[in-house]
Amino acid sequence: MAENYLFDGLLGDKLGSSQNRNALFATLPGDGRRFTYGDVEDVSGRFANVLLGLGVRPGDRVAVQVPKSIEAIMLYLAVVRAGAVFLPLNTGYTPAEIEYFLGNATPRIFVCDPGKRADYEALTESLGIGLETMGVWQDHETSAGSIPDAGLAAPTAFDTVARAEDDLAAILYTSGTTGRSKGAMLTHANLLSNAQTLVDVWHFTSDDVLLHALPIFHTHGLFVATNVILSAGASLIFLPGFSAEAIVANISDATCLMGVPTFYTRLLDEPAFNRDLVRHMRLFVSGSAPLLAETHVQFEGRTGHRILERYGMTETNMNTSNPYDGERRAGTVGFPLPGVKLRIADAETGKPLPQGEIGIIEVKGPNVFAGYWEMPEKTKEEFRDDGFFITGDVGVVDADGYVQIVGRSKDLIISGGYNIYPKELELLLDEEDGVLESAVIGVPHADFGEGVVAVVVPKPGARLDEAAILENIKPRIARFKQPRRVIVVDELPRNTMGKVQKNLLRDVYKTLLES
Ligand code: MLC
Ligand code: AMP
């Protein structure tokens, strides 16, 4: 049988008549359903047949904005098996935001939540994109959307389409500093190599059970968490989302947890989350945003476990990790993963800097993406001539080789692990009646790490109202990107070049979201 690099690489040893087919893949607390690796093969096979019937051909994009469910993971695998390209979208995005992604990626079909179908009918029709639905599959009696319905009637056997290592497996959009999102093209080899590396360095085996509470439309929850588990033949306890109570209720059956720093600060606020509860745990991983050294220390004090922090990006998958066996150093993201080259370079010249100096983190390796979808110029700008990708993160390597992230050269806010690009919001705010100009900044936020604040200047004679501005932008942009506060000022601070001094604004408003 021809090889599908990612699917066979992740699951080859669990397919067909293999004993591993019977192994448990996932349980859903509260729902009682259990999925084996055999179910993974069968259901992804059904969905792949459905996709084929819908006209999906190798290389086609399949855009998906669906609630978190195990079937959504099966759909991801079905897209890969059909040789197509999986394009997951944040469930919080509004139709106005989705319009851009569909227009840019021109997928063959768009799969949405059944409850949102009406919002997308006109749009998909005008773009010539098929519209399908998929909700949470409650039982086999109630329809959960067109894809699961058709899946029930489709055969489980599917002749998986051959795909090579450099073929695309997924496109994940990441916002750009100019306000326009860019589709990061991830190949089969990008995803498989990273999953296999992480299985090795984090010592995953088929005995592991990951408590999965992350969303599955981003690298962290979809690729790091899910691909690692599939590759190791391990299991998931699949929660619909994060809640400290659900973690406490289910952690005794798990061996590991992966989360953004907000997971860990919220768990520390939960008295029932204590040493006894997590004595049996093997591993806690944190990433997607900086974990405060203070959280690391508090967590160890409370539980006796040292959180393992790692560093990644949509474009690169995982780049570095603290060691499994050696010292997990708080405030650092550890060492480059095997196969990943990392250097600190001068932002302007790209010249590598000596150890101990602060500069831009640049990486190269099998994990690094193939470029931005239909944006060759952007792709060129973000790679050096020798193939290193310019991350935009500012870092330093200490004398022992640990990488520390000290800032970002890109104007980006990371709130609860979600990236928010100020430019996108500024463009929206500037369109508001009476707004002359705006500056969007991130300031400390106890729960989300950073919270969004908008500073706006009225046009001469105009009066601006915070509540009205917030209300107006509501339908246009996902809730997590909306400012927590809008501050009206007479003018923005500028340097002699006329550039807005966001550092001064961040300083003025640094305690605004503290309470
Ligand atoms: C929810 N809200 C947020 C938010 N999450 N606002 C800002 N930032 C966020 N991250 C909104 C809600 O809509 C709600 O709005 C209000 O804030 C409070 O919500 P909540 O109920 O407290 O939030 P919750 O649903 O519990 O979600 C918080 C969270 C979630 C931290 C669990 O944001 C989350 O799962 N984050 C993980 C993101 C992630 O997976 N990132 C990985 C990217 S990959 P209202 O209207 O009620 O006020 C990547 C690469 C790598 O970065 O290295 O991994
Ligand atoms: P995304 O584009 O959503 O993949 O976000 C990637 C960005 O998240 C990186 O460029 C970093 O700025 C940030 N990031 C990821 N992991 C960490 C970490 N452990 N510490 C600090 N920042 C991180």
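Here the structure is a predicted model, which means the values were calculated and not measured. As the structure lists them, so they are numbered: ligands from 1, and atoms in each ligand from 1.
Distance check, rounded to the nearest 0.5 Å: OH of Tyr509 to CD1 of Ile487 gives 5.5 Å.
At a heavy-atom cutoff of 4.0 Å, ligand 2 is contacted by no atom of His220, backbone or side chain. Under 4.0 angstrom from ligand 2, the non-hydrogen atoms of Glu309 all belong to its side chain. Contact annotation: for Gln482 versus ligand 1, there are no heavy atoms closer than 4.0 Å.
In summary, of the residues considered (Arg310, Met318, His203), a side-chain contact (heavy atoms from CB on, under 4.5 Å) with Leu198 occurs for Met318 alone. Put simply, the residue from Thr314, Asn194, Leu172 that forms a side-chain contact (heavy atoms from CB on, under 4.5 Å) with Phe223 is Leu172. For the salt bridge (charged side-chain N to carboxylate O under 4.0 Å, His left out) with Glu450, the qualifying choice from Arg408, Lys510, Arg506 is Arg408, the only one to do so. Partner of Phe383 under the ring pair (Phe, Tyr, Trp, His ring centres under 6.0 Å) criterion, chosen from Phe388, Tyr372, Phe389: Phe389.
In terms of protein heavy-atom proximity, atom 13 (C) of ligand 2 is closest to Ile414 CD1, 3.4 Å. For atom 18 (C) of ligand 1, the nearest non-hydrogen atom of the protein is Phe448 CZ, 4.2 Å. The protein atom (non-hydrogen) at minimum distance from atom 9 (C) of ligand 2 is Asp393 OD2, 3.3 Å. Scanning the protein heavy atoms around atom 17 (C) of ligand 2, the nearest turns out to be Ala289 N, 3.6 Å. For atom 7 (C) of ligand 1, the closest non-hydrogen atom of the protein is Ser415 OG, 3.1 Å. When hydrogens are left out, the protein atom nearest atom 45 (P) of ligand 1 is Arg479 NE, 3.2 Å; that is the closest non-hydrogen contact. Protein heavy atom at the shortest distance from atom 2 (O) of ligand 2 is Asn419 ND2, 2.8 Å. Closest protein heavy atom to atom 41 (N) of ligand 1: Gly417 O, 2.9 Å. Nearest non-hydrogen protein atom to atom 6 (N) of ligand 1 is Arg484 NH2, 2.8 Å.
Checking Gly287, Pro261, Gly312, Pro290 against atom 15 (C) of ligand 2, the nearest heavy atom belongs to Gly312. The heavy atom nearest to atom 49 (C) of ligand 1, out of those in Ala289, Ser288, Ala478, is found in Ser288. In this comparison of His445, Lys474, Met313, the heavy atom closest to atom 50 (C) of ligand 1 sits on Met313.
Of the possible donor and acceptor atoms, one in the side chain of Glu97 sits under 3.5 Å from a partner among the backbone N and O of Ala478. In this structure, Tyr264 contributes its side chain and Val285 its backbone to a donor-acceptor pair below 3.5 Å. One N or O on the side chain of Asp430 and one on the backbone of Ser438 form a donor-acceptor pair closer than 3.5 Å. Put simply, the side chain of Asp507 never gets that close to the backbone of Leu504: no donor and acceptor are under 3.5 Å apart. Between the Lys364 side chain and the Arg343 main chain, no donor and acceptor come within less than 3.5 Å of each other. No donor-acceptor pair under 3.5 Å is formed between the side chain of Glu362 and the backbone N or O of Ala345.
For ligand 2 and Met313, the ligand atoms under 4.0 Å from any heavy atom of the residue are 4 (O), 6 (C), 9 (C), 10 (O). Listed by number with element, the atoms of ligand 1 under 4.0 angstrom from any heavy atom of Leu214 are 40 (O). Proximity to Ser288 (heavy-atom distance under 4.0 Å) selects the following atoms of ligand 2: 8 (O), 13 (C), 14 (N), 15 (C), 16 (N), 17 (C), 23 (C). Within the listing of ligand 1, atoms 32 (C) sit less than 4.0 angstrom from a heavy atom of Phe242. Listed by atom number, the atoms of ligand 2 under 4.0 Å from Thr314 heavy atoms are 1 (P), 2 (O), 3 (O), 4 (O). Near Arg266, with a cut-off below 4.0 Å to any heavy atom, the atoms of ligand 1 are 20 (P), 22 (O), 23 (O), 24 (P), 26 (O), 28 (C). Every atom of ligand 2 with a heavy atom of Ile405 under 4.0 Å away is listed here by number and element: 20 (N), 21 (C), 22 (N). Near Thr262, with a cut-off below 4.0 Å to any heavy atom, the atoms of ligand 1 are 31 (C).
Not a single heavy atom of Thr391 sits under 4.0 Å from any atom of ligand 2. The closest approach between a heavy atom of Gly221 and any atom of ligand 1 is not below 4.0 Å. Ligand 1 has no atom lying under 4.0 Å from any heavy atom of Lys481. Using 4.0 Å as the threshold, His218 has no heavy atom nearer than that to any atom of ligand 2. Residue contacts with ligand 2: Arg310 is included, with a non-hydrogen atom under 4.0 Å away.
In terms of polar-atom proximity, Gly312 is counted as a contact of ligand 1, with an N or O under 3.5 Å from an N or O of the ligand. Any N or O atom pair closer than 3.5 Å counts here, and Tyr418 shares no such pair with ligand 1. When only interatomic distances are considered, the shortest N/O to N/O separation between Thr219 and ligand 1 does not fall below 3.5 Å. Remark: ligand 1 and Arg310 share an N or O pair separated by less than 3.5 Å (distance only, no angle test). For a threshold of 3.5 Å applied to N or O pairs, the pair formed by Gly416 and ligand 1 contains at least one separation below that value.
In this structure, atom 35 (O) of ligand 1 has protein heavy atoms in its sub-4.0 angstrom surroundings. Atom 47 (O) of ligand 1 is never approached by the protein to below 4.0 angstrom, counting heavy atoms only. For atom 25 (O) of ligand 1, the nearest protein heavy atom is 4.0 Å or more away. Protein heavy atoms come within 4.0 Å of atom 11 (C) of ligand 1.
Glu71 has a carboxylate O that lies under 4.0 Å from a charged side-chain N of Arg33, or vice versa, which qualifies the two as a salt bridge. A salt bridge links Glu431 with Arg476: the closest approach of a Lys/Arg side-chain nitrogen to an acidic carboxylate oxygen falls below 4.0 angstrom. Using a cutoff of 4.0 Å between basic side-chain nitrogens and carboxylate oxygens, Glu309 and Arg328 are not scored as salt-bridged. Under a 4.0 Å N-O distance rule, the pair Glu471/Lys474 qualifies as a salt bridge. Between Glu374 and Lys182 there is no salt bridge, since none of the side-chain N atoms of the basic residue sits less than 4.0 Å from a carboxylate O of the acidic one. Ion pairing of Asp447 with Arg266 is present here, as a side-chain N (NZ or NE/NH1/NH2) and a carboxylate O approach within less than 4.0 Å. Classification of Asp393 and Lys410 as a salt-bridged pair holds, one side-chain N sitting under 4.0 Å from a carboxylate O.
Other residues, nucleotides and ligands place no more than 12 heavy atoms under 6.0 Å from the CG atom of Asp385.
Between Val64 and Phe86, the closest side-chain pair of non-hydrogen atoms falls below 4.5 Å.
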Residues Tyr324, Arg282; criterion side-chain hydrogen bond (donor to acceptor under 3.5 Å, both in side chains); working and verdict: CA-CA 10 Å; Tyr324 186 83; Arg282 185 177 75 74; 2.9 Å; yes

